Novice: 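Attaching a single structure in structure tokens format; questions to follow.
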Number of protein chains: 2
Amino acid sequence: MDETRAQILDAAEQLAQQRGFNAFSYRDIAEQIGIRGPSIHYHFPSKDDLGVALVERYREQFAQACTHIDRKARTVSDRLRRFAALFRATLERGNRMCLCGMLAAELSTLSEPIQLGVQGFWSDCERWLAGALEDGRETGELSFRGDSARRAAVVLAGLEGAMLAARVADDPGKFERIARTLLDELTA
Amino acid sequence: MDETRAQILDAAEQLAQQRGFNAFSYRDIAEQIGIRGPSIHYHFPSKDDLGVALVERYREQFAQACTHIDRKARTVSDRLRRFAALFRATLERGNRMCLCGMLAAELSTLSEPIQLGVQGFWSDCERWLAGALEDGRETGELSFRGDSARRAAVVLAGLEGAMLAARVADDPGKFERIARTLLDELTA
DNA sequence: GTCTATAAGATGATAGAC
DNA sequence: GTCTATCATCTTATAGAC
């Protein structure tokens with residue numbers, strides 16, 4: 001539909017993931033896509049509107065990616081590896097943080113609608129992970145202590161933390177090593 | 001010695017942990033301690049100077065806390081639990097994020113001296129954790145796969161990610177459950 | 001839809017009085 | 001050491017021309 005709108009969201013997403021939502025301006029977005037700052041207000045009246053749309057789209061795209069994994073992956077281990085690969089791909093595309101990991105850090109400075117979206121993303125991920133873990137345990141492919149919801153929270157926190165760690169170390173391989181260790185733990 | 005300087009650092013630390021380094025101003029600090037904004041420039045000429053001092057002090061205090069743990073804790077499990085408790089205490093003091101976890105998210109917007117300090121904090125923590133894990137494996141108290149440095153990175157990423165998760169869920173208990181699960185894994 | 005012009009406020013920072 | 005006054009700049013946002 002609206003090409004400019006998509007360009008704005010793409011640029012804003014990149015900036016938010018690399019710098020944080022509080023560390024970029026309408027002007028930064030405008031310069032990236034070759035228009036003038038105030039033109040963006042036509043598409044997103046306030047920065048808050050932009051933030052809400054950003055999180056909404058990110059959540060939808062991530063949910064689609066998870067659905068795609070469910071269709072394609074043959075084993076539970078494969079599902080989990082592909083899930084981790086989504087985060088790794090984000091990291092390798094310009095050293096970006098997970099958008100909702102970044103916004104989690106900035107949470108207290110964000111409007112309530114944005115906060116709710118961020119919470120939604122985290123619970124979406126935990127629900128999907130818990131489902132995969134539950135499946136794996138039922139088929140005997142996975143083995144872990146505690147309930148799957150609790151373990152899902154551990155895996156997600158580990159992946160988000162691993163993205164921070166990889167950025168600090170300036171080493172994408174660090175993410176991979178942490179993610180791999182986290183997942184290997186489940187096939188003991 | 002300099003009481004005002006310490007007050008400034010205390011206020012700045014709180015603000016940086018709650019909102020992020022890019023989301024507070026000299027004025028915010030000044031209002032908290034009852035002086036005027038520009039007065040802060042006498043103690044910290046630039047915000048960058050403040051950031052460097054902030055990370056430096058945080059690193060030192062954390063290192064001291066780790067040394068204290070080494071003196072007091074009787075078992076390796078106890079050492080690890082107390083280490084995790086440092087993060088939990090931060091979280092429970094006004095829902096603060098680990099300063100260097102927050103700065104890890106904002107990393108690309110920070111000056112090189114600050115970035116180096118953040119990297120230093122993460123490697124300090126990993127080194128301390130790796131030492132504890134190595135000790136635990138030698139005495140047979142712990143059991144885990146892979147080398148201790150790699151496992152230390154997993155634990156630290158898990159704890160930092162757990163802080164983000166707990167803030168998003170608005171539930172400090174979430175940090176505790178994730179941390180506990182991470183550490184229980186080591187005593188299989 | 002995008003532009004220019006502009007407002008209103010915040011920000012990091014400096015100068016100079018006390 | 002802290003103050004007031006002030007600066008240049010940036011930021012979100014609006015109004016109105018094209």
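Values in this document were obtained by computation on a predicted structure and should not be read as measured data. Chain identifiers are assigned alphabetically (A, B, ...) following the order of the sequence lines, protein sequences preceding nucleic acid strands; residue numbering begins at 1 within each chain.
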Novice: Can you tell whether the side chains of A:Arg19 and B:Glu106 come within less than 4.0 Å, N to carboxylate O?
Specialist: no
Novice: With a 4.0 Å limit, can you tell me whether A:Arg36 has a side-chain N or O closer than that to the phosphate oxygens OP1/OP2 of C:dT4?
Specialist: yes
Novice: List, one per line, each side-chain donor-acceptor pair under 3.5 Å for residues 29-38 of chain A, sequence neighbours excluded.
Specialist:
unit_1, atom_1, unit_2, atom_2, d
A:Gln32, NE2, A:Gln14, OE1, 3.2

Novice: Nucleotides 13-15 of chain C: which of its N/O atoms have a protein N/O under 3.5 Å away?
Specialist:
unit_1, atom_1, unit_2, atom_2, d
C:dA13, OP2, B:Lys47, N, 2.7
C:dA13, N7, B:His41, NE2, 3.2

Novice: Please determine if a side-chain N or O atom of B:Ser25 lies less than 4.0 Å away from the OP1 or OP2 oxygen of C:dA10.
Specialist: no
Novice: Check this for me, if you would: do A:Arg81 and A:Asp184 make a salt bridge, where the nitrogen-to-carboxylate-oxygen distance has to be below 4.0 angstrom?
Specialist: no
Novice: Without hydrogens or angle criteria, can the side chains of A:Arg137 and A:Ser143 be said to hold a donor-acceptor pair below 3.5 Å?
Specialist: no
Novice: Does either side chain, that of A:Thr187 or that of A:Glu141, offer a donor lying less than 3.5 Å from an acceptor on the other one?
Specialist: no
Novice: Any Lys/Arg nitrogen of B:Arg82 or B:Asp78 sitting under 4.0 Å from an Asp/Glu carboxylate oxygen of the other?
Specialist: yes
Novice: When you list every nucleotide of DNA chain D with an atom under 4.0 Å from a heavy atom of chain B, which one comes first 5' to 3', and which comes last?
Specialist: D:dG1 to D:dA5
Novice: Salt bridge check: are B:Asp124 and B:Arg127 linked by an N-O gap of less than 4.0 Å?
Specialist: yes
Novice: Base, sugar-phosphate, or nothing: which does A:Ser39 touch, judged by heavy atoms less than 4.0 Å apart?
Specialist: base
Novice: Got a salt bridge between A:Glu185 and A:Arg151, using NZ or NE/NH1/NH2 to carboxylate O under 4.0 Å?
Specialist: no
